[in-house]
Colleague: 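Handing you this structure, nothing more for now.
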Amino acid sequence: MLRIDNINVYYGAIHALKNVSLEVEAGAIVTLIGANGAGKTTTLKTISGILRPRSGSVIFENRDITKLPPQAIVGLGICQVPEGRRIFPSMSVLENLEMGAYLRKDKQGIKTDMEMVFSRFPRLEERKKQIAGTLSGGEQQMLAIGRALMARPRLMLLDEPSMGLAPLLVREIFDIIKDINSQGTTILLVEQNAHMALSIADKAYVLETGEIVLEGAARDLMESEEVKKAYLGG
Ligand code: ATP
């Protein structure tokens, strides 16, 4: 479904991604794990068109999307859930969800999806008039995911959904991600919480200072001594 071929991304003189290649098959959960500053967010931003690689390409369903603007990429069915739950803090929960559907014109479909989001996240329905910036951290993460669902994505890019959440909530969010996947959305999940990410993913890549150093089936990486030592706390 998605293929990244040998991309190189720079921030000025900083070489943030070095010949990164990866593949996401339709229907899968693929995770990209790595420490702070490894280049995980940079990879997602390059897929969603926010950053341009200096070389290499991003192919989505056999189409080269490397040079497309972000809104065109959203229009093709790729939607990013940004790190740090970047919701619109001064808008209500309902307005945030409506923003997720801003490219769509199918009123009935939007209504159905809004109901689907509310049934998945009853807490958001109870709080639909609340100003989003006053939601708890976990609720904001749910809203960020809900907003992305409103775009009806075929590929969802998730940037560290576990960040700053209590363990119980992390589990809940990961269960939700699994469930969204089982309903047909392909997932590319970026995480520092390697244990949780590997436990739900089919395939995994390990990124270190801008380079892919390991890749394989998630369950194999979970057993790898290298991964255990560096990312799973021994
Ligand atoms: P984290 O888990 O801490 O979010 P990450 O793996 O997502 O890390 P990136 O945010 O992709 O890492 O950053 C990769 C590298 O690029 C880092 O060294 C970072 O300092 C650098 N970088 C990121 N954004 C910029 C920027 N706008 N200008 C300059 N350097 C940047």
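On a predicted model such as this, the values are computed, not experimentally measured, just so you know.
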Colleague: Only one of I212, T209, L51, T43 forms a side chain to side chain contact (heavy atoms under 4.5 Å, CB included) with L17, so which one is it?
Modeller: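 Output: one option passes, namely T43.
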Colleague: Any chance you could lay out the side chain to side chain contact (heavy atoms under 4.5 Å, CB included) test for E160 and Q192, step after step, and finish with the verdict?
Modeller: CA-CA 7 Å; E160 291 197 32; Q192 277 196 57; 3.5 Å; yes
Colleague: Measuring from E139:CD to E126:CD, what's the distance to the nearest 0.5 Å?
Modeller: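 The CD atom of E139 sits 8.5 Å away from the CD atom of E126.
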Colleague: If only atom types and distance count, is the side chain of Y205 paired as donor or acceptor with the main-chain N or O of S21 below 3.5 Å?
Modeller: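 Such a contact is absent between Y205 side chain and S21 backbone.
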Colleague: Same cluster or not: L158 versus I73, using hydrophobic residues (I, L, V, M, F, W, Y) connected whenever any side-chain heavy atoms lie under 4.5 Å apart?
Modeller: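 No; I73 is not reachable from L158 via cluster members.
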Colleague: Measuring from atom CG of L198 to atom CD of E223, what distance do you get when rounded to the nearest 0.5 angstrom?
Modeller: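 L198 atom CG to E223 atom CD measures 10.0 Å (nearest 0.5 Å).
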Colleague: Main chain of L135, side chain of Q140: is a donor-acceptor contact present, judged purely on distance under 3.5 Å?
Modeller: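 Flag set: sc Q140 to bb L135 pair under 3.5 Å.
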Colleague: What distance separates I87 CD1 from R147 CZ, expressed to the nearest 0.5 Å?
Modeller: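 I87 CD1 to R147 CZ: 7.5 Å, rounded to 0.5 Å.
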Colleague: Might you point out which heavy atoms bring M1 and L155 nearest each other, and give the distance in Å?
Modeller: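 Closest heavy-atom pair between M1 and L155: SD-CB, 4.3 Å.
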Colleague: Got a second to check how far I173's CD1 is from K178's NZ, nearest 0.5 Å?
Modeller: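 So the gap between those two atoms works out to 15.5 Å.
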Colleague: According to a 4.5 Å side-chain heavy-atom criterion applied to Ile, Leu, Val, Met, Phe, Trp and Tyr, with indirect links allowed, do V190 and M196 form part of one hydrophobic cluster?
Modeller: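 No, V190 and M196 fall in different hydrophobic clusters.
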Colleague: Looking at Q141 and P161, would you say the former's side chain and the latter's main chain have a donor-acceptor pair under 3.5 Å?
Modeller: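 A pair under 3.5 Å: yes.
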Colleague: Closest approach of L207 and A38, non-hydrogen atoms and distance?
Modeller: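 Shortest heavy-atom separation between L207 and A38 comes out as O-CB, 3.4 Å.
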Colleague: Is there a path of hydrophobic side-chain contacts, each under 4.5 Å between heavy atoms of I, L, V, M, F, W or Y residues, that connects L169 with V81?
Modeller: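 Same cluster.
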Colleague: Please report the shortest heavy-atom distance between T42 and A16, naming the atom on each side.
Modeller: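 It is CG2-CB, 4.2 Å.
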Colleague: Without swapping roles, check the side chain of K203 against the backbone of E23 for a donor-acceptor pair under 3.5 Å.
Modeller: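 Checking the backbone N and O of E23 against the side chain of K203, a donor-acceptor pair under 3.5 Å is found.
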Colleague: With no hydrogens and no angle check, do the side chains of T41 and D159 hold a donor and an acceptor under 3.5 Å apart?
Modeller: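 Note: T41 and D159 side chains meet the donor-acceptor criterion.
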Colleague: To check you understand the geometry: which heavy-atom pair defines the closest contact between T31 and A197, and what is its length?
Modeller: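 Residues T31 and A197, closest heavy atoms: OG1-CB, 3.4 Å.
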Colleague: Donor-acceptor pair, N96 side chain versus F88 backbone, under 3.5 Å?
Modeller: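 At least one qualifying donor-acceptor pair exists.
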Colleague: Would you say CD of E226 has more than 12 non-hydrogen atoms from neighbouring residues, nucleotides or ligands within 6.0 angstrom?
Modeller: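 No, not enclosed.
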Colleague: Show the numbers, then the answer: is there a side chain to side chain contact (heavy atoms under 4.5 Å, CB included) between D202 and V30?
Modeller: CA-CA 6 Å; D202 302 297; V30 174; 5.8 Å; no
Colleague: Hydrophobic clustering (ILVMFWY, side-chain heavy atoms < 4.5 Å, transitive) - are V170 and I176 grouped together?
Modeller: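 Yes; tracing contacts between hydrophobic side chains, which count when under 4.5 Å, links both residues.
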Colleague: Does a sphere of radius 6.0 Å around CZ in R154 hold more than 12 heavy atoms from other residues, nucleotides or ligands, not counting ones at 6.0 Å or beyond?
Modeller: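 Enclosed.
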Colleague: Shortest non-hydrogen contact from I110 to R104?
Modeller: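 Nearest heavy atoms, I110 then R104: N-NH2, 3.5 Å.
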Colleague: Tell me whether D5 contacts the main-chain N or O of V58 through its side chain, where contact means a donor paired with an acceptor under 3.5 Å.
Modeller: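 Flag not set: sc D5 to bb V58 has no pair under 3.5 Å.
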Colleague: Would you compute the distance between atom CZ of F121 and atom CG of L149 and round it to the nearest 0.5 angstrom?
Modeller: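 If we round to the nearest 0.5 Å, F121:CZ and L149:CG are 6.0 Å apart.
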Colleague: Same cluster for M116 and I187 if Ile/Leu/Val/Met/Phe/Trp/Tyr side chains link at under 4.5 Å?
Modeller: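 The answer is yes; both residues are in one hydrophobic cluster.
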Colleague: Run the salt-bridge test on E115 and K111 with the 4.0 Å N-O cut-off and return the result as yes or no.
Modeller: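 Salt bridge present between E115 and K111.
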Colleague: Could you go through the side chain to side chain contact (heavy atoms under 4.5 Å, CB included) check for M114 and K128 one step at a time?
Modeller: CA-CA 11 Å; M114 186 74 82; K128 62 184 167 194; over 6 Å; no
Colleague: Is it the case that over 12 heavy atoms from other parts of the model lie below 6.0 angstrom from the CZ atom of R171?
Modeller: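 Check fails, neighbour count at 12 or below.
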Colleague: Return the minimal non-hydrogen interatomic distance between E25 and T186, and the atom names on each side.
Modeller: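 Where E25 meets T186 most closely, the heavy atoms are O-CG2, 3.4 Å.
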Colleague: Per the side chain to side chain donor-acceptor pair (under 3.5 Å) rule, which among K18, H15, R54 passes with N8?
Modeller: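 For N8, the side chain to side chain donor-acceptor pair (under 3.5 Å) check succeeds only for H15.
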Colleague: Rounded to the nearest 0.5 Å, how far apart are CG of L189 and CE of M156?
Modeller: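 Separation between the atoms: 11.0 Å.
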Colleague: Verify, without hydrogens or angle tests, whether K129 (side chain) and L94 (backbone) share a donor-acceptor contact under 3.5 angstrom.
Modeller: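 Side chain of K129 to backbone of L94, a donor-acceptor pair under 3.5 Å: no, none is there.
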